[in-house]
Number of protein chains: 2
Amino acid sequence: MSPTQSVADLGEHELIARLERRFGPPPPWVTLGIGDDAAVVAPVRGEEVVVTTDSLVEGVHFLPADASAPDAERQARAGALGHKALAVSLSDLAAMGAAPRAALLSLAIRSDWPVAEFDALIDGFAALAALTRTPLVGGNITRSPGPLVLDVTAIGSALARKILRRSAGRAGDELYVTGRLGAAAAGVAVLADPAAESLGRETSFAECIGRHERPTPRVRCGLMAGRARVASAAIDLSDGLSDAVRQIARASGVGAVVEADAVPVHPGASAWAARQGIDAIDLALSGGEDYELLFAVPRRRRRAFLAIANRWHGLPVTAVGRLSAEAGAWLIRDGRREPLPSGFVHF
Amino acid sequence: MSPTQSVADLGEHELIARLERRFGPPPPWVTLGIGDDAAVVAPVRGEEVVVTTDSLVEGVHFLPADASAPDAERQARAGALGHKALAVSLSDLAAMGAAPRAALLSLAIRSDWPVAEFDALIDGFAALAALTRTPLVGGNITRSPGPLVLDVTAIGSALARKILRRSAGRAGDELYVTGRLGAAAAGVAVLADPAAESLGRETSFAECIGRHERPTPRVRCGLMAGRARVASAAIDLSDGLSDAVRQIARASGVGAVVEADAVPVHPGASAWAARQGIDAIDLALSGGEDYELLFAVPRRRRRAFLAIANRWHGLPVTAVGRLSAEAGAWLIRDGRREPLPSGFVHF
């Protein structure tokens, strides 16, 4: 294959054939995979079908490829995009307590896009799909005169009574968050810095870039919490902690309080904030795309929740506040109460 | 509302709220609709989940909006896009013999897009959704610096043994097609003609434009044929009759023969072909986007198939050829055999 071969040289049928070869035979619950008018997936008996779709748009959710960058770098970026497109939809399933069952990938690509980048994108998608046992069952590839658009639909499964809704939080529930926050937002900032290349060689910043480019969906955490019924509600941190807390509180018809001191900040985010002379807590609260999970946990389920969280292989879980009967979303900082800042705005 | 209000003036949350208001409360099988991390749909007990996704890209699948056109015309176009985006995915479900159960809509739109066009697009989608009882359960709205992209995932349901696969055709099966072909391709050609405006006032051409802009997915036909098990295989005519015949033959490991004289040509396509001095059969064979259905019907099921088709409210059903043991896809024209032409190429 010539390194400059473009997707238009191959055409849609051959691209789909490459994709099928990359994924291999689907698991037994896929009755009919890629290649017919639609795919057929057997539901888990007695469970509900959980479904979500999310998009990544070049120039909005990720920077346009740098035409002067070496091929290997461009391919690595494409691989990260394939990973991330699946990750953000799996994160939604995780926030519902659903097990991944299948995914569909819809791609709008320029005709002159190098096949090597297409392959790299598919590889990135396929690697996460294998890790999370999410077979690709279908999708669509179309040319577009515009930015690269990736749209992933993820289909999951869960028992109706174990689904983690946003709206089932209660006043008094404690709010727990997985991981350490602000890394993805710091990663975006590092990449936008003129000194990105040298900064990216510092370990803590490299980690931040990695978190932005290849977020880890907390599939197992959401699933275990849902199955054990240790949380009343959950949401993922696609638009930042503040936004997530507001959404759970609003959907549940309660208020919320977050303790600034308790919010776990990623060390890379702290380092970036120190360098910029800003408060790291702001990155952690308002920085989007961390794709961690926020759980509302009833007090009487606290021990059970922590026992479950103890099995998440070293992923920290931190109490950051609580839902309250009093309306509004508040931040306690330096002993004073202030409105919780607004979240990250995509649109 | 000001007529020039843009989607960016409202933001994603308000756009989603408008959309929710337009659709109203979902049917009982939607356990959880728009507004959480994911939607939850109850499967039909004992049935499989059938799922497909398809995209429409501005400048590829439809012409960019004409900035000088009156608002009402632009809104009508946006409404047609909303209709068509759902129609093409429902057509895929129809070709599987699946009943629609839910849909997700993913939109990439420019920030300066008028809210009135957004509303019109949603109205077009919602009208077809109501007609086919396909609740919108989720999706995604993102801004994009590029062309308008609509991506619809449709979820359907069918008993495993009643699903219409492409691959289950047998040599000797007769090929039946619904409707009359070539209209959508003629509609595209009329719209591209410098005299489009005056041509569009002629009834037969107006019908062709209508078929291109607002195709009718044959949901009930596919469903009834699947449930009654009167067809061995089915496919929709998204890429033309020739392509559909080739796909069924290839997937089923057989050959196929189409009789040119038997192919039902839409009168508008005939009129357009006569005007251009081309053979109408070529529009009917290679013109994409008719979204009719092609069925392979075993001889012993012929009567049962026609009895079912008799209940399709005047939609014609025509035998156009057969699957054969001999390899290859052939067209019999004027008593001579020639290779079946290639289909419409999207990519």
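Residue numbers begin at 1 in each chain, while the letters A, B, ... track the order of the sequences. Values below: all heavy atoms of this structure, side chains included; hydrogens, waters and symmetry mates excluded. Note that the structure is a prediction, hence the values are computed from the model and not measured.
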Where do [X] and [Y] come nearest, in terms of heavy atoms and distance?
X        : Y        : result
A:Asp243 : B:His13  : OD1-NE2, 4.4 Å
A:His61  : B:Thr142 : CE1-OG1, 2.9 Å
B:Pro43  : A:Glu48  : CD-CA, 4.0 Å
A:Thr31  : B:Arg165 : CG2-NH2, 3.6 Å

Exercise. In terms of heavy-atom pairs under 4.5 Å with chain A, which of B:Thr52, B:Ile163, B:Val137 leads?
Worked result: B:Thr52
Problem set entry | Top contributor to chain A contacts, counting heavy-atom pairs under 4.5 Å, from B:Gly59, B:Ser144, B:Gly46, B:Gly138 |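 Of B:Gly59, B:Ser144, B:Gly46, B:Gly138, B:Ser144 has the most heavy-atom pairs under 4.5 Å with chain A.
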If I measure from the heavy atoms of chain B, does [X] come under 4.5 Å with its side chain, its backbone, both, or neither?
X        : result
A:Val50  : both
A:Asp151 : side chain
A:Ala39  : both
A:Ile235 : both
A:Gln247 : side chain

Problem set entry | Part of B:Ala251 within contact of chain A (heavy atom distance under 4.5 Å) |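 For B:Ala251, there is no contact with chain A at all, as no heavy atom is under 4.5 Å.
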Problem set entry | Contacting moiety of B:Ala154, where chain A heavy atoms sit under 4.5 Å | neither
Problem set entry | Residue pair B:Ser238 / A:Asp37, side-chain heavy-atom distance below 4.5 Å | no
For this session: For the residue pair B:Ile155 and A:Val51, establish whether any side-chain heavy-atom pair is separated by less than 4.5 Å.
Result: yes
For this session: Go through A:Leu93, A:Asp92, A:Asp54, A:Val57 and name the one with the most non-hydrogen pairs under 4.5 angstrom from chain B.
Result: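 Highest number of heavy-atom pairs under 4.5 Å: A:Asp92.
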Exercise. Can a donor-acceptor pair be found between the side chains of A:Thr153 and B:Thr53 at a distance below 3.5 Å?
Worked result: no
For this session: Verify the distance criterion only: is there a donor paired with an acceptor across the side chains of B:Ser55 and A:Asn140 at less than 3.5 Å?
Result: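 Side chains of B:Ser55 and A:Asn140: pair found under 3.5 Å.
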For this session: Enumerate by number any residue of residues 94-107 of chain A whose heavy atoms lie under 4.5 Å from heavy atoms of chain B; in the absence of such residues, state 'none'.
Result: A:Ala95, A:Met96, A:Leu104, A:Ser106
Exercise. A:Arg166 and B:Leu32: side-chain contact (heavy atoms from CB on, under 4.5 Å), yes or no, with the steps?
Worked result: CA-CA 11 Å; A:Arg166 285 185 192 178; B:Leu32 190 59; over 6 Å; no
Exercise. How would you list, by chain and number, every residue that makes a side chain to side chain donor-acceptor pair (under 3.5 Å) with A:Thr132, sequence neighbours excluded?
Worked result: A:Thr134
